[in-house]
Amino acid sequence: MTGFSAVGAAYAEHSGSPRGLLRHDLVERRLRTELPASPARILDVGCGTGEMTIRLAAAGHRVTAVDPDPRMLAITAGRLTALPELRERVELVEAGIDGLSLGREAFDGVCCHGVLMYLDEPVRRSPGWPDTWHPAVC
């Protein structure tokens, strides 16, 4: 995942711009049509600054937010500090998509927004991925 570390700060800035927020609005709208009713268990792979993590938690879901960049997780954690009513619904995990190790956890849905284009190689299901999950919503 060499590409994302070089653009992480720019992504964080874009994410809060009008265009970035519109993109998140569109993704959220699509997720709400695909995901089961809350509270569902959602895996947010490549959570970045936590925009979708926070939106999913605010909708009542329990979210496992995963990102390989500790700076992105720190931004997400900081945002959650300001939203204590959501903090208990979110677990932050430092890991890349290729090093994901969640064992026997089951998820009702997966959000993998804005991640795949930064991967050096195509992703294949690895042994460390959850044993049970419904089709991904990317």
Side-chain angles (χ1 to χ4, degrees):
M1 189 171 207
T2 57
F4 189 76
S5 55
V7 299
Y11 169 80
E13 185 177 326
H14 170 74
S15 189
S17 73
R19 185 175 174 193
L21 290 172
L22 175 61
R23 182 176 176 175
H24 287 301
D25 289 345
L26 294 172
V27 171
E28 179 185 16
R29 184 180 305 159
R30 179 63 186 199
L31 283 170
R32 285 181 182 251
T33 65
E34 298 291 333
L35 293 175
S38 61
R41 295 256 317 145
I42 309 299
L43 177 63
D44 186 1
V45 178
C47 68
T49 60
E51 186 66 32
M52 293 312 303
T53 296
I54 288 168
R55 291 175 184 228
L56 291 166
H61 299 295
R62 299 197 58 76
V63 184
T64 299
V66 178
D67 202 280
D69 188 339
R71 296 168 298 181
M72 290 292 167
L73 289 174
I75 291 169
T76 302
R79 293 180 71 191
L80 287 166
T81 298
L83 301 164
E85 69 280 8
L86 301 182
R87 184 61 186 106
E88 68 183 36
R89 292 189 206 136
V90 177
E91 177 186 2
L92 300 176
V93 176
E94 185 178 335
I97 194 169
D98 54 347
L100 198 54
S101 180
L102 298 171
R104 295 209 150 296
E105 287 194 58
F107 293 92
D108 301 305
V110 178
C111 176
C112 186
H113 174 248
V115 173
L116 300 179
M117 69 279 248
Y118 295 106
L119 299 178
D120 297 325
E121 299 289 328
V123 176
R124 291 176 176 73
R125 185 177 158 101
S126 78
W129 286 15
D131 290 334
T132 307
W133 57 2
H134 295 276
V137 178
C138 293

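Keep in mind it's a predicted model, so treat the numbers as computed, not measured.
- In this structure, R87 and L92 have side chains that are in contact, with non-hydrogen atoms separated by less than 4.5 Å.
- Of all heavy-atom pairs spanning P39 and G60, the tightest one is CB-O, 3.3 Å.
- Scanning both residues, A57 and V90, for their nearest heavy atoms gives CB-CG2, 3.8 Å.
- Between D108 and R62 no salt bridge is recorded (no basic side-chain N to carboxylate O distance below 4.0 Å).
- Contact of the L56 side chain with the L35 side chain is registered, since non-hydrogen atoms from C-beta on lie closer than 4.5 Å.
- Residues satisfying the side-chain contact (heavy atoms from CB on, under 4.5 Å) criterion with L26, sequence neighbours excluded, are L22, R29.
- Annotation: ring pair (Phe, Tyr, Trp, His ring centres under 6.0 Å) contacts involving residues 18-43, sequence neighbours excluded, comprise H24-H113.
- Nearest heavy-atom pair, P36 versus A40, reported as atom, atom and distance to 0.1 Å: CG-CB, 3.8 Å.
- In this structure, the side chain to side chain donor-acceptor pair (under 3.5 Å) partners of R41, at least two apart in sequence or on a different chain, are E105.
- Partner of E91 under the side-chain contact (heavy atoms from CB on, under 4.5 Å) criterion, out of T53, V63, T64: T64 alone.
- Every pair tested for ring pair (Phe, Tyr, Trp, His ring centres under 6.0 Å) that includes a residue from residues 59-94 fails, sequence neighbours excluded, so the list is empty.
- The side chain to side chain donor-acceptor pair (under 3.5 Å) test applied to R32 returns E28, not counting sequence neighbours.
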Side chains of residues 73-82: which donor-acceptor pairs under 3.5 Å do they make with residues two or more places apart or in other chains?
unit_1 : atom_1 : unit_2 : atom_2 : d
T76    : OG1    : G48    : O      : 2.9
T76    : OG1    : T49    : O      : 3.3
T76    : OG1    : G50    : N      : 3.1
T76    : OG1    : M72    : O      : 3.1
R79    : NH1    : T49    : O      : 3.0
R79    : NH1    : E51    : OE1    : 3.3
R79    : NH2    : E51    : OE1    : 2.9
T81    : OG1    : A77    : O      : 2.9

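- The structure places CG of D44 at 12.0 Å from CZ of R55, a figure rounded to the nearest 0.5 Å.
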